[in-house]
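To keep things clear, I will list the structure first and then write my remarks on it.
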Amino acid sequence: MLGIPRRYSHFVFGVLQSGLTSLIAAGIASLPADGAMLFARHWMLSWLIAWAAMLPVVLLAAPAIRAFSLRLTREERGS
């Protein structure tokens, strides 16, 4: 493994999550492309653009979304 210090796990999570999400979304958006090579080229270009746009959003929004989700939920009490 890379051995990245745990205090940076938020950033690692953001990079992985935004990369995977944008990869899937770009693939779905590229489905109308004619031919395998055109599809692959369109998918990769779309993915790079989407990832570059989503990475800062995810890194900045994740803490706020996590805090909001904690406000919307409650601790479960054991019986």
Side-chain angles (χ1 to χ4, degrees):
M1 299 314 284
L2 293 175
I4 299 170
R6 181 76 32 94
R7 66 180 176 268
Y8 299 115
S9 65
H10 167 74
F11 296 107
V12 173
F13 174 86
V15 167
L16 296 173
Q17 189 272 333
S18 64
L20 180 61
T21 303
S22 59
L23 181 72
I24 293 167
I28 292 168
S30 299
L31 282 177
D34 292 330
M37 288 306 294
L38 182 59
F39 169 77
R41 185 175 35 177
H42 187 265
W43 187 3
M44 287 298 109
L45 181 60
S46 298
W47 173 59
L48 287 173
I49 293 168
W51 196 6
M54 288 310 299
L55 182 57
V57 171
V58 168
L59 291 177
L60 296 174
I65 293 169
R66 189 174 297 117
F68 186 59
S69 68
L70 289 174
R71 282 190 217 142
L72 293 173
T73 59
R74 61 176 172 77
E75 274 302 315
E76 292 186 58
R77 296 204 167 97
S79 32

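Just so you know, these numbers come straight off a predicted model, no measurement behind them.
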### Query
If you group Ile, Leu, Val, Met, Phe, Trp and Tyr by side-chain heavy-atom gaps below 4.5 Å, do V58 and Y8 land in one group?
no

#### Entry: Gap between atom OG of S30 and atom NE2 of H42 - 0.5 Å precision
4.5 Å

### Message
Using every non-hydrogen atom in the two residues, find where S22 and G19 come nearest and quote the distance to one decimal.
### Response
OG-O, 3.2 Å

### Query
Linking I/L/V/M/F/W/Y whenever their side-chain heavy atoms sit closer than 4.5 Å, directly or via other members, would L23 and L48 fall into one cluster?
yes

### Task
Show your working on side-chain contact (heavy atoms from CB on, under 4.5 Å) between R66 and H10 and close with a plain yes or no.
CA-CA 11 Å; R66 189 174 297 117; H10 167 74; 4.3 Å; yes

### Query
So, S46 side chain and W43 main chain: donor-acceptor pair closer than 3.5 Å or not?
no

### Message
Applying a strict under-4.5 Å side-chain criterion to I, L, V, M, F, W and Y, I'd like to know whether I4 and L59 cluster together.
### Response
yes

### Message
If hydrophobic clusters are built from ILVMFWY residues whose side chains come within less than 4.5 Å, do W47 and M54 share one?
### Response
no

#### Entry: N/O donor-acceptor pair under 3.5 Å between T21 side chain and S18 backbone
no

### Task
Report the hydrophobic cluster partners of L20, with the cluster defined as I, L, V, M, F, W, Y residues connected by side-chain heavy atoms closer than 4.5 angstrom, directly or transitively.
I24, I28

### Message
Is there a continuous path of hydrophobic side-chain contacts, each under 4.5 Å between heavy atoms, that joins V57 to V12?
### Response
no

### Euclidean distance, F39 CZ relative to M44 CE, rounded to 0.5 Å
8.0 Å

### Message
Which heavy atom of P63 sits nearest to which heavy atom of L60, and what is that distance?
### Response
CD-O, 3.6 Å

### Query
Distance from I65 atom CD1 to L70 atom CG, nearest 0.5 Å?
12.0 Å

